[in-house]
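Naming convention: chains lettered A, B, ... in sequence-line order (proteins, then strands); numbering from 1 in each chain. No experiment lies behind these values; they were computed from the predicted model shown.
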Protein chains: 2
Amino acid sequence: MKTKHAVTLFEALSSGTRLDLFRLLIRHAPAGLVAGDIARLLNVSASNLSFHLKALAHAGLITMEKEGKFLRYRAEIPLMLDLIAYLTSECCSGNPAQCSNYREASRVEPAVLPDHG
Amino acid sequence: MKTKHAVTLFEALSSGTRLDLFRLLIRHAPAGLVAGDIARLLNVSASNLSFHLKALAHAGLITMEKEGKFLRYRAEIPLMLDLIAYLTSECCSGNPAQCSNYREASRVEPAVLPDHG
DNA sequence: TAAACAATACAACAACAGTTGAAATGTGTC
DNA sequence: GACACATTTCAACTGTTGTTGTATTGTTTA
């Protein structure tokens, strides 16, 4: 991944509305949601939602698919994982032991999915 | 992690200069780097670097420590890992099988450190 | 074709971000 | 104390972002 693309991705995630939106789509993966439902769930105006959907789509973090007169949006989870790898892959200049210590210091294991009950 | 804090963290990473800076500190973990060295390595003016260091420190992504007349900066890697967990923890509403498929679709395993030779 | 609805596009505005250069603060050395 | 150097602060400017309201495009149903 190029730095420029990574910056675009982080920019896309650096608005409260967009972060809520993306996480909503992550929770609803892989089914996705149509724009109207998203607007209702997040209590955002249609116009404003469209603006943020466009930003996320431009970054590549979500995809859209026509569904009758609706548009269904889905989170592009592999790209999110690539971004995470971009951030972490050169950690400690390839000193795995040091990095493992950091991981233990983190409250949550990032790669393990939670139980959800 | 609260949404507001996560937004602050993504904002902190959504500038080319700051992303380069943070990744530089990640590569140089756990030793860190002093400000002058960072300025030289990234070819950024001292004033501008200070601005971005402050933004990253305010977000909590880096820490600073006095070292004689220098200031040494270090990446706060556990916080980065918490941010990653925040983004991924509710993926697919706790459907691990689905998420595993996504992870296989990603080129790099995010939680496994690369070989580096 | 027309009506009703889903979603986007556009203009306008306030608020904020990134960069620069000059001045100020603080630290170590003589 | 005086100097050299590392780093930060501040003012100023330019460009960008997020939101709102209205107009427009496109789809379904009749």
Whole-Å gap separating [atom2] ([N]) and [atom1] ([X]):
X	N	atom1	atom2	value
A:Glu65	C:dA7	CD	P	14 Å
B:Leu53	C:dG18	CG	P	13 Å
A:Met64	D:dT27	CE	P	12 Å
B:His58	D:dT9	NE2	C1'	17 Å
B:Ile62	D:dT7	CD1	P	13 Å
B:Leu49	C:dG18	CG	C1'	13 Å
A:Leu71	D:dT25	CG	C1'	12 Å

(message) Suppose clustering is done on Ile, Leu, Val, Met, Phe, Trp and Tyr with side-chain heavy atoms closer than 4.5 Å. Which residues sit in the same group as A:Phe70?
(response) A:Val34
(request) Among Ile, Leu, Val, Met, Phe, Trp and Tyr joined by side-chain contacts under 4.5 Å, find the other residues sharing a cluster with B:Phe51 and list them by chain and number. (result) none
(message) Counting only heavy atoms and a strict 4.0 angstrom limit, can you tell me which residues of residues 35-43 of chain B come near DNA chain C?
(response) none
(message) At under 4.0 Å between heavy atoms, how does the protein contact nucleotides 24-30 of chain C? Give one character per nucleotide, 5' to 3', with B, S or -.
(response) --SBS--
(request) List the protein contact pattern of nucleotides 11-24 of chain D with one symbol per nucleotide (5' to 3'): B for base contact, S for sugar-phosphate-only contact, - for none; contact means a heavy-atom distance under 4.0 Å. (result) -------BBBBB--
(message) Could you go through A:Arg74 and A:Ile62, starting from their C-alpha distance and side-chain angles, then the distance that decides it, and tell me whether this counts as side-chain contact (heavy atoms from CB on, under 4.5 Å)?
(response) CA-CA 5 Å; A:Arg74 289 188 179 86; A:Ile62 63 176; over 6 Å; no
(message) Of the listed nucleotides (D:dT9, C:dA9, D:dT7), which one gets closest to any side-chain atom of B:Phe70?
(response) D:dT7
(request) Answer yes or no: is there a side-chain heavy-atom contact under 4.5 Å between B:Leu56 and B:Leu25? (result) no
(message) Quick test of your reading of the model: are B:Glu65 and B:Arg72 salt-bridged, counting only N-O distances below 4.0 Å?
(response) no
(request) Taking side-chain contact (heavy atoms from CB on, under 4.5 Å) as the test, write out the residues that go with B:Thr3, two or more places apart. (result) A:Leu19, A:Asp20, B:Val7, B:Tyr86
Check: [X] side chain, [Y] main-chain N or O, donor-acceptor pair, under 3.5 Å:
X	Y	value
A:Ser89	A:Ala85	yes
B:His5	B:Ala59	yes
A:Arg18	A:His52	no

(message) Pair A:Leu33, A:Tyr73 - check side-chain contact (heavy atoms from CB on, under 4.5 Å), show working.
(response) CA-CA 5 Å; A:Leu33 288 169; A:Tyr73 287 89; 5.9 Å; no
(request) Return no unless some side-chain N or O of B:Tyr73 is found under 4.0 Å from OP1 or OP2 of D:dT8. (result) yes
(message) Determine whether A:Leu53 and A:Met64 satisfy the following criterion, side-chain contact (heavy atoms from CB on, under 4.5 Å), listing intermediate values before the conclusion.
(response) CA-CA 9 Å; A:Leu53 283 169; A:Met64 53 203 273; over 6 Å; no
